[in-house]
Each structure stands twice: as C-alpha cells, then as structure tokens.
Amino acid sequence: MEKRKIAYSAIQPSGTFTIGNYFGALKNWVKLQDDFDCLFCIANLHAITVPQVAAELRKRTYESYALLLATGINPEESLVYVQSEVPAHSELCWLLNCTTYMGELSRMTQYKDKSQRQGKNIRVGLFDYPVLMAADILLYQANIVPVGEDQKQHVELCRDIAERFNNTYGNTFTLPEPYFGLAGKKINSLQTPTKKMSKSDDNVNSYVSLLDNKDTIIRKFKRAVTDSDNRIIYDRENKPGISNLIEIYSCVTDKDNDQIEKEFEGVGYGDFKLAVGESVANHLEDLQIRYKEFLADKSYLDKMMKQGAETAQSVAYRTLSKARRRLGIIEIKK
Ligand code: TRP
C-alpha cells in the first residue's frame, strides 16, 4: 500500500471555541483522517505567548482535548496530544532559533498585529511563536499543514527555515506545505460581518461558542447585524451580514448558496435568522453531548493524553536527535 502523507495541525487552548473554529477547521480535520496520517496538537506552549491565568489554561487544555474527540477525531487512529508533554518541541524551537533571522520574524503579519495591539512589554515568546510552530511541524516530518489563511505565512516561514537548515547542515526535515484542500469556510462576526468571527471579541453577541445552549444560539442569530433591503441573496460586498448567514447555513446543511437563496426566496430576515439559528443549534447538539461525556471522564482523557504523548515523544525524538547530530550537539549514550 502506498504510504499516506502526514498531516499536522494544532489549536491553541485559549478561550472558547466558536462555530468559526469548528466550520473553518475542526470539522475538516475529522475528514482528513480518511486520507492522511494525522497529528493534532493542543498547542498550550503557544497559548502562553500572551498572558494566561494558570487555572484556566489547565482547564482549557482538557476542554480542548475533549472537544477534538467530540468532533469525531479518533485518538486511536490519529495522534492527538498536548504540546508541552513533548519537550522536543521546545528544544527544536531553540535549535531552529539559531537558524532563523530576526528580519523574517519581524515580517510576520500576525506578530505585527498582535504586538501593535499589546503596545508595551511585548514578550519574546510572541515574537518567536512562528519558530515554535515550525518546530511542531518539522518534528513529525509533516507533508501538509491544514490551516486557515491567517497561518499561511507561518507555514511558509517554516518551509524556509527547514530548507535553510537542510542546505546548511544536511537533509533533516521534510518541507511542509500549507493545505487548504478542504478549505473550511471563513465565518465572520455576527456583529461586524466584515471581520472574522473571533473568540476574543469583547462583544459576546459577535460569536457563537460551540458550547452555547440553544436559546443563546438563537438569540445571537436573531441579533445578527444585517442590511435593510430584506432579500436573502449572497453578495459578500454589499450584503456581508446576510452572506455570512448564508455561509453558516451552508456549512450546516451542505447546501450551496443558490439552493439557499431559493429556499428562502420571499422569506423575511427575521425568519431566516431563526432558521439559521435553529439549524446551528441542532447541528451542535450531538457534539455538545459527546463533549460533556468526554469531559466528565477525566481518567479516559488522561489515558488518551498519555498514550498520545508517548507516541508523539518517540516520533519527535527521532527528528530532534537527527537535528542535534547535524548541528554537532553531542548525545551521551545512556
Ligand atoms: N498558530 C496556530 C493557530 O493559532 C496553531 C498552531 C500551533 C499550529 N502550531 C501549529 C497550526 C502547527 C498548524 C501547525 O491557529
């Protein structure tokens, strides 16, 4: 049998996940398992590049893990693990720091945005974040990295770092590619529909959390910002609010925009919003039940996390050891 390609992706356990994360990424990760050998990582070391409350980070690490399983990622089939459980990530990050240029990191648009918003006392970790991300990917010799558009630049940098390392020290890393094959839809804010839906938005009405209850979901959709011409037509430019709702409805129902326009011909905005809200709430119901079951079973989560970490450690160590040797870092035999 032909060897399957390796897919690697990660999420940060920060904040609640929204339907944007779900339709844009998580839902597609489940499907990737059919075609690739998959690794999914809870990137808790990435999360601390901005200040976190310890108890919350701890809690969210479990919640994120439970959520991945609840979406349908199978931890017996894919490798699902917590980043900090594999120390090779931090170490390879250091080795790669010594191959990466300040200029390259300064050009990262996410860093520019985030540091600008933070103002003073920007952490070195925030600047270095893309190198840690490169270490994540390269440790597992990943071929493809399913990510949203906002992470494309980081994957390209990873490729540049890997290529430079290979050229300087000898072939060590597989060059990865960003992957949008199953490109998830980009879901925008319900309040500012020209902006990406974000869990860190101050206005809770702008996003739908995966764990919102039915009433909350419907209420948020009812309050969604739309235009006033009262026709349900997809037009991102002139009708961003309605187009976003069509997009969301299409994620849930797998119908295309034309079908949706027909379905709601002559229907008013109020009824349309209600229909979208109900479809989302129903769609999330099963996921929420499974999520709560997983979360209640901490010993199962611990067991899966441990199993994932052990497998990840052994794969990661092989690459780390190779990189060390290439650089002339000695390894004293045990
Ligand atoms: N930076 C990614 C994000 O915020 C998360 C991430 C960390 C990641 N390491 C990764 C994604 C490796 C893909 C591969 O979305």
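Not measured: the values here are computed from a predicted model.
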| said: Taking the side chain as everything from C-beta on, heavy atoms only, tell me whether Ile11 gets closer than 4.5 Å to Leu68. | reply: yes
| field | No-hydrogen, no-angle side-chain donor-acceptor test under 3.5 Å, Gln52 and Ser14 | value | no
| query | Just by modelled atom types, is the Lys255 backbone N or O under 3.5 Å from a matching donor or acceptor in the Thr253 side chain? | reply | yes
| query | Is a salt bridge present between Asp229 and Lys239, judged by a nitrogen-to-oxygen distance below 4.0 Å? | reply | yes
| Contact check, side chains of Ser250 and Ile260, non-hydrogen atoms, under 4.5 Å | yes
| query | Under 3.5 Å, is there a donor-acceptor pair linking the side chains of Glu247 and Tyr234? | reply | yes
| request: Just say parallel, tilted or perpendicular for the rings of His154 and Tyr129, cut-offs at 30° and 60°. | output: tilted
| Is there a donor-acceptor contact under 3.5 Å linking the side chains of Asp227 and Tyr269? | yes
| field | Lys/Arg N to Asp/Glu carboxylate O, Lys186 vs Glu149, below 4.0 Å | value | no
| query | Are any side-chain N or O atoms of Gln153 and backbone N or O atoms of Arg107, one a donor and one an acceptor, separated by less than 3.5 Å? | reply | yes
| task | Could you please spell out the steps behind the side chain to side chain donor-acceptor pair (under 3.5 Å) verdict for Ser243 and Arg236? | result | CA-CA 6 Å; Ser243 303; Arg236 269 277 183 202; 5.6 Å; no
| query | Looking at His283 versus Tyr249, is the centre-to-centre ring distance below 6.0 Å? | reply | no
| remark: Closest non-hydrogen atoms of Ser9 and Val147, given as atom of the first, atom of the second and distance, are OG-CG1, 4.3 Å
| task | Before giving the answer on side chain to side chain donor-acceptor pair (under 3.5 Å), spell out for Asp302 and Tyr62 the whole-Å C-alpha distance, their side-chain angles and the decisive distance to 0.1 Å. | result | CA-CA 9 Å; Asp302 277 331; Tyr62 277 98; 2.6 Å; yes
| query | Are the side chain of Ser321 and the backbone N or O of Arg318 linked by a donor-acceptor pair below 3.5 Å? | reply | no
| query | side chain to side chain donor-acceptor pair (under 3.5 Å) between Asn188 and Asn244: does it pass, once the steps are laid out? | reply | CA-CA 6 Å; Asn188 282 353; Asn244 192 35; 4.9 Å; no
| Less than 4.0 Å between a side-chain N and a carboxylate O, is that true for Glu265 and Arg231? | no
| message | Can you give me the closest heavy-atom contact between Asp201 and Lys195, atom names plus distance? | response | OD2-NZ, 3.5 Å
| task | Starting at OG of Ser64, measure out to CD1 of Ile42 and round the result to the nearest 0.5 Å. | result | 5.0 Å
| query | Closest heavy-atom contact between Trp29 and Pro146? | reply | NE1-O, 4.2 Å
| said: Please determine whether a side-chain nitrogen of the Lys or Arg among Glu104 and Arg164 lies less than 4.0 Å from a carboxylate oxygen of the Asp or Glu. | reply: yes
| query | Any idea how Tyr81 and His89 line up, ring-wise: parallel (<30°), tilted (30 to 60°), or perpendicular (>60°)? | reply | tilted
| Does the distance from a Lys or Arg side-chain N to an Asp or Glu carboxylate O, for Asp215 and Arg219, drop under 4.0 Å? | no
| Less than 6.0 Å separating the ring centroids of Tyr179 and Phe36? | yes
| task | Please examine the side chains of Leu138 and Pro176, heavy atoms only from C-beta on, and report whether any two atoms are closer than 4.5 Å. | result | yes
| request: Could you tell me whether the side chain of Gln33 and the main chain of Glu77 form a donor-acceptor pair under 3.5 Å? | output: no
| query | Given the rule that I, L, V, M, F, W and Y join up when any side-chain heavy atoms are under 4.5 Å apart, are Leu45 and Val315 in one cluster? | reply | no
| Quick one: do the Glu177 and Asn143 side chains pair a donor with an acceptor below 3.5 Å? | no
| task | Of all the heavy-atom pairs spanning Asp136 and Gln83, show the shortest one and how long it is. | result | OD1-NE2, 2.9 Å
| Is it true that a side-chain atom of Gln191 and a backbone atom of Arg223 form a donor plus acceptor pair closer than 3.5 Å? | yes
| field | Interatomic spacing from CG in Asn205 to OG in Ser189 - rounded to 0.5 Å | value | 9.5 Å
| request: Please step through side chain to side chain donor-acceptor pair (under 3.5 Å) for the pair Asn97 and Thr99, ending with a clear verdict. | output: CA-CA 5 Å; Asn97 275 338; Thr99 309; over 6 Å; no
| task | Measure the shortest side-chain to side-chain distance between Ser198 and Lys196 over non-hydrogen atoms and say whether it is less than 4.5 angstrom. | result | no
| query | Salt bridge between Lys3 and Asp37, side-chain N to carboxylate O under 4.0 Å? | reply | no
| Sub-3.5 Å donor-acceptor pair from the side chain of Ser78 to the main-chain atoms of Pro75, do we have one? | no
| message | Can you confirm whether the side chains of Asn44 and Ser84 place a donor and an acceptor under 3.5 Å from each other? | response | yes
| For Tyr140, does its backbone N or O pair with a side-chain atom of Thr319 as donor and acceptor, under 3.5 Å? | no
| query | So if you build clusters from Ile, Leu, Val, Met, Phe, Trp, Tyr with side-chain heavy-atom gaps below 4.5 Å, do Ile187 and Phe17 land together? | reply | yes
| query | Same cluster for Val280 and Ile289 if Ile/Leu/Val/Met/Phe/Trp/Tyr side chains link at under 4.5 Å? | reply | no
| task | Applying side-chain contact (heavy atoms from CB on, under 4.5 Å), run through Tyr111 and Leu105 and close with a yes or a no. | result | CA-CA 8 Å; Tyr111 170 73; Leu105 292 180; over 6 Å; no
| task | Please work out whether the ring planes of Phe272 and Phe264 are parallel, tilted or perpendicular, with thresholds of 30° and 60°. | result | perpendicular
| query | Do Asn282 and Ser279 have side-chain atoms, one donor and one acceptor, less than 3.5 Å apart? | reply | no
| field | Pair Arg159 + Glu163, salt bridge at N-O below 4.0 Å | value | no
| Does the side chain of Ile217 come within less than 4.5 Å of Lys214's, by heavy atoms? | no
| query | Is the closest side-chain donor-acceptor distance between Gln141 and Thr174 under 3.5 Å? | reply | yes
| Are Lys220 and Asp212 within salt-bridge range, i.e. N to O under 4.0 Å? | yes
| query | Within a strict 4.5 Å, meaning less than it, do heavy atoms of the Thr71 and Tyr22 side chains meet? | reply | yes
| task | For Ser299 and Asp297, test the side chains for any donor-to-acceptor distance below 3.5 angstrom and give the result as yes or no. | result | yes
